[in-house]
Structure formats: structure tokens, C-alpha cells
Amino acid sequence: MSGKTPVAWYTASLLLLAGLGSVILRQPFPIDETRYLSVAWEMWHNGDFILPTLNGEPYSHKPPLLFWLMHTGWAVFGVNDYSPRLISLLAALAALPLVSAIARFFWPERPAIRSVAPLVLASFLAWLLYSTTIMFDIVLGFFALAAVVSALKAYPHASLRWFALCGVMLGGGMLTKGPVILLDVLPILVLVPLWRPDSDGFRIGRWYAGILVAVILSALIMLAWVYPAIQRGGPDFENALIWKQTAGRMVESFAHARPWYWYLMLLPILLLPWGIMVWEKAWRGRVWRDAGERFCALWFGVTLLAFSLISGKQIHYLIPVLPAVALWLARRFEERPVRRISLIVLGSLSLLIGIALMLAPEWCQLSGSYPACEDTPRLGGLLPLALGLALLMRSGASEVERLCLIAVFPLALLIGVLVNFIGLSQRQDVRPIAMEIRALQDQGITVVNVDKYHNQYQFAGRLEHPLKVLRGDELRRWAPNHRGAVLIVYQDRNETSLGDVAKAVYPYRGEQALIVSVDDWLRYKRSGAGQ
């Protein structure tokens, strides 16, 4: 495979098209994206850039760096929802030269790997998808890559300058998502005896001392935010930040608890569309044969094991170590090209997905779910159909053409789904109800969210006051003494019970969000209809 290819252009185009297509074709999704936007909005509105808040209460789940990056965009472009959605995209683009730098370190005489590895990384479905979201994982992946590259730059002479930069990058990762970055980076750096290239100048003692310096520096960077945040948030915030969000997630997760083998089941999805080739390349030879392959296999394998042993699991937790798989595959592709059977399998899968998207309205009618997609356009299916035909017809193409055709698969799938389900996306748009809440608050009316509140309305309505949150018996005791208030009540979209007395009804995540006055709600309950 020649290293002189326009692969870098294909790679950047994939990410840019995915990111811009997502911004154009959809609104921020509840619950995660709207929540993170709202936390950033509350910090911005309150002028407090140290203590994140969720509906007016200290928010301990995530450190503030992503919110600070949103504020930077707002300072330049004004408060909007599109610049926050470009943060992950920019981080994904910035990660590409870092992957090339690792390839250059381990395989300096093989320039093709430096070109192909970023393409493989950018076209992992998980990497491409999360580069279009307001989430933490791609940003965390950038800092993890930057920390690893900095440590490799320190090799073999244990340069303090590069270890210091490694510490700064680890600190950036801590401010992005907490100490989890240490699980993404430290195992592979500590296991240096298992992968180190031959070097006369390498001293393992100095290496470990440098890693310790980097960890201490990263902890100091994190503490520079943690200490003032705890001072403002109080003991409850301190306990939640230090214990619940670290030890609690690792030992007995309060959210996303899964069995140890959960990641193994999801690896085929995580590694799409390259998963077929991962198993084929591993089956045909040893998992590692040189220092670079050992590095990649250990980086992904040890981190996968560590996350499998932790109680809380989400598929995006492994995104920061996908570069290891991309580098390993690029090394194998440089030696053994993509087999024709892989293109046939992927082309057939693309055709099936295209047909499914073309038949989406029929599926909606059969399932009875999400009426908004019943009259959705079928155009999204054309992209996977066209790609499937191209994969089948061009299976004899050059190696570079094969790689680029495979890389287009997740982009065609992502854009096809977005186009096909514009109606479904509109049902996720919380702006109409959020603007109604803002209008009520501006009139001095108390607005109560009945049930758990995920902060989905604060940013969308640019709310300046928290919502009161009540559940069950709390609401029944509170309502008779607050007849001028208004409730936001949620019910199944097929229910019509409260609809007769609601002032407004909005679609919300497959359900309905109803705005009901307390007086109407009380009369409804007294009539016996609500029993």
C-alpha cells in the first residue's frame, strides 16, 4: 500500500460531514445533551464558572472543562446550541495527527500506517457518532491520546518537559471527566517493559519517575478546581464528587450497572465497520509481532479488562482507547490488504440497512411506535443502498479505494438515519415547552416539574429560575396551598386522561408533556378520573 494517498482528506471529510450534518438535521437530544447544555447555561447565567449547578443545585457528576469550552464559544458567537455541538468534532479532528504521531513512533519506516490509522479511527461508528454529540468522551479521548503521545516523546531519555506536558494532558482529561482518564492511559504506560522498543538510552527508573511526576501534576491541576468548588458546594457536594462519582461508580454503580461480559457482547457494534477485519486479521496471525502491535493490544486489552471489572458500564466509556485498535488494524492493513469477502459482507449489510430505512414508515405502522416517523421521508435509505452497491461492485478495487469505501459506511448510516427520522428528531425538541415555561416564569408563576427533572428545559428556554420538582405524595400535600402554580406532567402518548384539562400538550421522548394548572389538576383528582 502506498503512503502517498489522499487518505487524510477522506478522513477529515468524514468527520466534518458527520458533524455538520448532525447540526443541520437535528436538535440537541434529551436527556444528556440538553442536561449538559443547561448546566453550562446556569453557570453562564449565574456568572459562576467554578461550581456547576443542575436546576440550582450543585452538580457533581462531571467536572467543568466541557462547560468552559461551551462558554468560550458563547463568548465569541453568543449563546447558541451549535457551537457546543462542534466541540467534540474539533476534538475528534485534533486527535487524528496524534494517532499519526504514535504510528510514526513505532513504525517510522512505514508511512502508510500514518495515513491509514486516522482513517480507521475516524470511521469507527462509535467515534464518528460521538463526535457529533455534546458529550465528554471524544474530548477525553483527545486528552488521553495527547498524554500518550507526550509520554512517547519522553522516550527514551525521560525528558521532564514531555512528562510535564503528559501531566497537563492528564489534568485536562481529569477536568473533562474525572480520574477515569488514568484508567485509559496509566496501564499502558506502566506496562512499558512489555512493549518498549529497543533503545540504549532508556532507563526504566527514570521512566516511572517521569510518569509519577505527570500524575502528581495532573492531580494538582484537578485540585485547583476541586478545592474552590468544594468550598462553594459544601459537604454534600464534596461527598458526592469525591466518593460517589469515583468509588461509587467503580464498586457498586448507582447507574449503568452491567455484568462483567457486557463489553464483550457489544464489541461488534463498537468496532463497526472494521470489526470483521479485526477478527480476521487476529485469526490469521498472532495478536502482536512487534513493539507497536504489543503496545496497541495491551492498551486496548488491559483497559477493556479494567472497565469490564468496574460496575458501571456504557459503550462510550471505551471510546478513548479506540485509537489502539485503529493503529493495530492500520499496521495489519499495511501488510495484508482488505479481503474481498469483507467488502461483500459489509456491502450486503449496507443494502439491508438501506432497505430497512426505505421501509421505515411500514415498520412504524406495524410497531405502533413514534407516529411522527410514519410519514417520514424514505430518502435516508438511498445512501446505504448506494454504498452497498458500490462495496459489492468495487470489491476488486485498489486497496485505498477499498479502505475509503469501508470508511464511508458509518457516515452513510448516520446521515441516512438522521434524514429518515427528521420527524422523530422533532419529537425530541424541547424548545416549545421550554419557551412556554419561560413565559410562565416571566409572569411570576411557579412552574413545577412532576417526576424526576433532568434539567432539559433550562437552556432551551434560557430559564433564569430553577423549576420546583415534586413527586407523588409531595405534590398532593403541596398543591392545595399553591393554587396559582402550573404543573408539567408526563404521561404515555396514548393516554388522554389529563389532556382534557391541560393548557398545552407537547411531544416528549415518545411520551407527552402536559402543562396543567394546579386548580385543574386538583379538580381532576377530586372527580375521581385520576384515581
Engineer: Taking the side chain as every heavy atom from C-beta outward, state whether Phe105 and Ile102 have any pair of such atoms under 4.5 Å apart.
Structural biologist: no
Engineer: Let's go through Ile134 and Asp32 carefully: what are the C-alpha distance in whole Å and the side-chain angles of both, what is the deciding distance for side chain to side chain contact (heavy atoms under 4.5 Å, CB included) to 0.1 Å, and is it a yes or a no?
Structural biologist: CA-CA 8 Å; Ile134 303 172; Asp32 287 339; over 6 Å; no
Engineer: Using a 6.0 Å distance limit plus a 45 degree cone around the ring axis, check whether Arg26 lies over the aromatic ring of Phe29.
Structural biologist: yes
Engineer: Can you check whether Leu346's main-chain N or O pairs, donor with acceptor, with Ser350's side chain at less than 3.5 Å?
Structural biologist: no
Engineer: According to the interplanar angle, ranging from 0 to 90°, do the rings of Phe295 and Phe106 count as parallel (below 30°), tilted (30 to 60°) or perpendicular (above 60°)?
Structural biologist: tilted
Engineer: Restricting to non-hydrogen atoms, name the atom on Leu318 and the atom on Leu304 that form the minimum distance, rounded to 0.1 Å.
Structural biologist: CD1-CD1, 3.7 Å
Engineer: Are any non-hydrogen side-chain atoms of Ile181 and Phe143 less than 4.5 angstrom apart?
Structural biologist: yes
Engineer: Any side-chain heavy atom of Pro52 within less than 4.5 Å of one from His61?
Structural biologist: no
Engineer: Check whether any side-chain N or O of Lys313 sits under 3.5 Å from a backbone N or O of Trp262 as a donor-acceptor pair, and report yes or no.
Structural biologist: no
Engineer: Check for a donor-acceptor pair, side chain of Ser348 on one end and backbone N or O of Ile344 on the other, with a separation under 3.5 Å.
Structural biologist: yes
Engineer: To the nearest 0.5 Å, what is the distance between CG (Leu54) and CG (Asn455)?
Structural biologist: 4.0 Å
Engineer: Thinking salt bridges, do Arg332 and Glu293 make one under a 4.0 Å N-O criterion?
Structural biologist: yes
Engineer: Between Ile433 and Ala513, what is the shortest heavy-atom contact and its length?
Structural biologist: CD1-CB, 3.5 Å
Engineer: When you measure from the side chain of Trp195 to the backbone N and O of Ile188, does any donor-acceptor pair fall under 3.5 Å?
Structural biologist: yes
Engineer: Tell me if the centroids of the rings in Tyr59 and Phe237 come within less than 6.0 Å of each other.
Structural biologist: no
Engineer: What is the ring orientation for Tyr155 with Trp207, classed by angle as parallel under 30°, tilted 30 to 60°, or perpendicular over 60°?
Structural biologist: perpendicular
Engineer: Heavy atoms, side chains only, cut-off 4.5 Å: are Gln512 and Asp492 in contact?
Structural biologist: no
Engineer: Given side chains that start at C-beta, do those of Thr133 and Arg85 come closer than 4.5 Å, heavy atoms only?
Structural biologist: no
Engineer: Say you draw a straight line from CG of Leu86 to CG of Leu93; how long is it, rounded to the nearest 0.5 Å?
Structural biologist: 10.0 Å
Engineer: Could you check if a side-chain atom of Trp299 sits within less than 4.5 angstrom of a side-chain atom of Trp328, using non-hydrogen atoms only?
Structural biologist: no
Engineer: Nearest 0.5 Å please: distance from the CD atom of Gln456 over to the OG1 atom of Thr34.
Structural biologist: 6.0 Å
Engineer: Determine whether Lys452 and Arg471 satisfy the following criterion, side chain to side chain contact (heavy atoms under 4.5 Å, CB included), listing intermediate values before the conclusion.
Structural biologist: CA-CA 8 Å; Lys452 186 174 182 179; Arg471 300 186 187 183; 3.1 Å; yes
Engineer: Could you please spell out the steps behind the side-chain hydrogen bond (donor to acceptor under 3.5 Å, both in side chains) verdict for Arg258 and Gln314?
Structural biologist: CA-CA 9 Å; Arg258 325 273 191 194; Gln314 289 282 67; 2.6 Å; yes
Engineer: What I want to check is whether the side chains of Gln458 and Tyr453 have a donor and an acceptor closer together than 3.5 Å.
Structural biologist: yes
Engineer: So do the side chains of Asn239 and Asp236 get within less than 4.5 Å of each other, counting heavy atoms only?
Structural biologist: no
Engineer: Could you grab the distance from atom CG of Leu66 to atom CG of Leu140, nearest 0.5 Å is fine?
Structural biologist: 11.0 Å
Engineer: Between Leu351 and Leu392, does the side chain to side chain contact (heavy atoms under 4.5 Å, CB included) criterion hold? Intermediate values first, please.
Structural biologist: CA-CA 10 Å; Leu351 285 175; Leu392 294 175; 3.5 Å; yes
Engineer: Would you indicate whether the side-chain heavy atoms of Val39 and Thr53 approach each other to under 4.5 Å?
Structural biologist: no
Engineer: What pair of heavy atoms forms the shortest contact from Ala92 to Ser131, and how long is it?
Structural biologist: CB-CB, 3.8 Å
Engineer: Using the side chain to side chain contact (heavy atoms under 4.5 Å, CB included) definition, which of the options Leu414, Leu89, Leu15 pairs with Thr132?
Structural biologist: Leu414
Engineer: Grab the two heavy atoms, one from Arg431 and one from Asp429, that are nearest each other, plus how far apart they are.
Structural biologist: NH2-OD2, 2.8 Å
Engineer: Could you check Leu14, Leu96, Val99 and say which one makes a side chain to side chain contact (heavy atoms under 4.5 Å, CB included) with Leu119?
Structural biologist: Leu14
Engineer: Centroid-to-centroid, Phe333 to Trp274, below 6.0 Å?
Structural biologist: yes
Engineer: Give me the atom names and distance for the closest heavy-atom approach of Leu125 to Pro410.
Structural biologist: CD1-CB, 3.7 Å
Engineer: Is the ring centre of Phe136 less than 6.0 Å from the ring centre of Tyr36?
Structural biologist: yes
Engineer: Please state whether the rings of Tyr490 and Tyr508 are parallel, tilted or perpendicular, taking 30° and 60° as the class boundaries.
Structural biologist: tilted
Engineer: Could you state the interatomic distance from CD1 (Ile221) to CE (Met174), rounded to the nearest 0.5 Å?
Structural biologist: 9.0 Å
Engineer: Could you give me the CA-CA distance, side-chain angles and deciding distance for Tyr263 and Leu270, then say whether side chain to side chain contact (heavy atoms under 4.5 Å, CB included) is met?
Structural biologist: CA-CA 9 Å; Tyr263 283 123; Leu270 184 72; over 6 Å; no
Engineer: What is the distance from atom OH of Tyr317 to atom NZ of Lys177, rounded to the nearest 0.5 Å?
Structural biologist: 5.5 Å
Engineer: For a quick test of reading the model, state the closest non-hydrogen atom pair linking Arg114 to Arg104 and the distance between them.
Structural biologist: CD-CB, 3.5 Å
Engineer: Pair Arg294, Asp290 - check salt bridge (Lys or Arg N to Asp or Glu O under 4.0 Å), show working.
Structural biologist: CA-CA 6 Å; Arg294 292 197 300 273; Asp290 58 34; over 6 Å; no
